[in-house]
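For reference, the structure discussed in these notes is given below.
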Amino acid sequence: MTDNNPAVPVNFIQNIITEDLKNNKNGGRVHTRFPPEPNGYLHIGHAKSICLNFGLALANAGLCNLRFDDTNPSKEEVEYVESIKADVRWLGFDWEDRLFYASDYFDKFYEYAVELIKAGKAYVCDLSPQEIREYRGTLTEPGKDSPYRTRTVEENLDLFERMRAGEFPDGSRVLRAKIDMASPNLNLRDPVLYRILRTTHHRTGDQWCIYPMYDFAHPISDALEGITHSICTLEFEDHRPLYDWVLDNINIDYAKDVKSRPQQIEFARLNLSYTVMSKRKLRELVEQQYVNGWDDPRMPTISGLRRRGYTPEAIRDFCERIGVAKRNSVVDIALLEHCVREDLNQRAPRVMAVLRPLRVIIDNYPEGQVEWLETDNNPENPSMGTRKIPFSRVIYIEQEDFMENPPKKFFRLAPGREIRLKSAYIIKCERVVKDEQTGKILELHCTYDPESKSGGVNSGRKVKGTSHWVSAAHALKAEVRLYDQLFQVENPDNEADGADFKAHLNPNSLERLTGCLVEPSLADAQPGNRYQFLRQGYFCVDPDSTKETLVFNRIVSLRDTWAKIQKTEKSG
Ligand code: ATP
Ligand code: MG
C-alpha cells in the first residue's frame, strides 16, 4: 500500500502474530502470501484475502508474496495470471520481487514425494477414483485399507517413476500418503498426493503428466518460501492436520536464514448479499454471456468493480470494516456501496448531467446571449475550487422535475410554479407544449427572474426546489448505464431452494439511457474519471466512451441505504 504508516490492525490473526513476535518465533519474521489459483478473475472476496495478507505484512514490517497456485493446469491461465497481477497492483499492493509459481517447484514436489515413498509413507494405488471413494468410508464408518497399501518401497519407487514417464493412462494410478484409513478426519485417510493428467501446463508445457494435489503442494510451497503465517479460508480447517503431516514427514531444505515452520491459520471467507463469489459460477456467467465479460460493471470481480468506478481506497476501507472472523457470515452489499460513497463524496467533482432531458425555453432571456456562471466543484471540499458553466435561452432539465398536475408535496416545476436552477436563476413555468396526437410533453416555456442569480437583489429569494440543468447549445451527448444488483435475491447461492443460481439473475440489472446530456466541462473526461452528477449519484467514464458520445457507468446512487440501516438500528 502507498500508506507508509499502516495502523496495526485489530483482529485475531494480528493477535497471533503479535504473540509470535513477542516470543521471537520465526526469528521475528512475518511472511505471508496471497496464493490465487489462476482459473478466473479475482473477486471482492479475494480482495479481503489480499488486504489481509499484504496488510498484515505491512503492519508488521514483514513481506507478502504473490504466488500462483498453478498445480491444476487448465487452458486460459495466462490471461488469468495477467489479470490477477493487474488487480493486486490496482488495489495498491506490491509483491516487489516475490512473484512465484507453484509450478516452479514441480521438481521439488517430486523429490519430496520420493522421500515419502522411501520412508514408507506413500504408495502407488491402482484403485479407480470410484473405488477410492468407496474405500474411504464415511464420517461414521472407518475406511478400508487399499489392497495396494502394502506395496514395497522398491515397487512404489518404480511405479511412481513410470507414472512420471508417462507409461500409464490418465486416472489409472495415483500416489497416496500412507496415514490412517481409520482417522476420524477424512482428509487423513490416505489422501491422494499425485494424479496422472495429460494436460499442457501454461508454464511447464508437456514436461509433466503427473500433477501434485493442492494439499501436498501448498504446505511445501509455503515452507520453501519461508512463509510464517499461511492464512486461508475456513474450509481448509479440516485440512490443517494434513498440512502439518506433510511438513512433519519431509526434510524441507529451508533457506539458511529462514528456519521456520509455516503455520496455517483459517478465517471466514467474505460472502456478499445479492451476488455469487465462486470463480466457477462467475465464469459461467461470462462464458454463457449473461454478462459482458469478466469486467462487466455488474460483476463482483475486481476488474468489474474497477470498470464500474469503485476506488481501491473504498475497497480497502470496506475490507477493513468487515473485519476478520472465525465464523462465516454474509455482508450487506450496502456497506460496500457506503464505503464508495464516503470516498467519492470528498473526491469526485460535482457536475450537472440530465439523464432524461426535457427542453425548456426561457422566453424572456435574450436570444443568442450566453452567461458563464460560477459554481462549486465540490462544496464538501472547497479546495477543489470552482468552474464556469454556460447559461442560455434554451436549457434542458430532468423530465421528472416537471409535473403537469403535481400532488401537494411536489416541489419541482409545474404550470405557474417556480424552481431555482442550480447556480443560476429562478424560472417559472408559463406554458406546456404537447404533441397533439399523443399528449406527450414536448417542451416548456418559462420566464426567468433576472435578479435571482448570485449577486442579484433576488438572489436570496426562496423557492422550494433546486434543479440541475444544462444549456442546450453547449451540452455534450452521453450514454448513461444504470446498474441494479445482478441477482434479485439476497442469497442466489442458496442451494436449498433447488434452483440454479442463474435462475435468480435480475433481468433489469442494466438500464442504458441514450440521449443524456452533460455539461461541457466534461469534454475531456477520460475513462476512469469519476464524478457526482448532481442529485443522480456517482458516475465513472467507461472505456466505451468516444469523443462523439461519452459513456458513463453509474457507480452508486446517492441514497445510502447502509447509513439508513445504521440510523434505524441506533434509534430502535
Ligand atoms: P473460488 O471459490 O472463488 O474459486 P478459491 O478459494 O478457489 O475461490 P483461490 O484462487 O484458491 O480461490 O483463492 C486465493 C486466496 O483467496 C485463497 O487464500 C482463498 O482462501 C482466498 N479467498 C477466496 N475466496 C475468498 C473469499 N470469498 N473471502 C476471503 N478470501 C477468499
Ligand atoms: Mg481454490
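Both counts, for ligands and for their atoms, begin at 1 and track the order of listing. The figures here come from the full heavy-atom set of this structure, side chains too, leaving out hydrogens, waters and symmetry mates.
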Flag [X] as yes when one of its N or O atoms lies below 3.5 Å from any N or O atom of ligand 1, and as no otherwise.
{"X": "Met277", "value": "yes"}
{"X": "Glu235", "value": "no"}
{"X": "Gly45", "value": "yes"}
{"X": "His43", "value": "yes"}

Note: Phe34, heavy atoms under 4.0 Å from ligand 1, region reported as side chain
| message | Can you tell me which portion of Arg280 lies within the under-4.0 Å heavy-atom range of ligand 1? Options are side chain, backbone, both, or neither. | response |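 It is neither; nothing of Arg280 touches ligand 1.
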Of the listed options (Arg269, Lys281, Glu37), which comes nearest to atom 6 (O) of ligand 1 when hydrogens are ignored and any heavy atom counts?
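The residue whose heavy atom sits nearest atom 6 (O) of ligand 1 is Arg269.
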Do NZ/NE/NH1/NH2 and the carboxylate oxygens of [X] and [Y] come within less than 4.0 Å?
{"X": "Arg261", "Y": "Asp248", "value": "yes"}
{"X": "Asp542", "Y": "Arg308", "value": "no"}
{"X": "Glu511", "Y": "Arg481", "value": "no"}
{"X": "Asp107", "Y": "Arg164", "value": "yes"}
{"X": "Glu225", "Y": "Arg98", "value": "no"}

- [ ] Tell me yes or no: between the side chains of Tyr123 and Asp190, is some donor less than 3.5 Å from an acceptor?
- [x]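 Yes - a donor-acceptor pair under 3.5 Å links their side chains.
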* Is it the case that Ser128 and Gln130 place a side-chain donor and acceptor less than 3.5 Å from each other? -> no
Give the atom numbers and elements of ligand 1 that come within less than 4.0 Å of a heavy atom of [X].
{"X": "Phe267", "value": "29 (C), 30 (N)"}
{"X": "His46", "value": "8 (O), 9 (P), 10 (O), 12 (O), 13 (O), 14 (C), 16 (O), 22 (N), 23 (C)"}
{"X": "Leu270", "value": "26 (C), 27 (N), 28 (N), 29 (C)"}
{"X": "Ser278", "value": "3 (O)"}

*Show your reasoning for whether ring-ring contact (aromatic ring centres under 6.0 Å, His included) applies to Phe501 and Tyr290.*
CA-CA 12 Å; Phe501 77 101; Tyr290 288 97; 8.1 Å; no
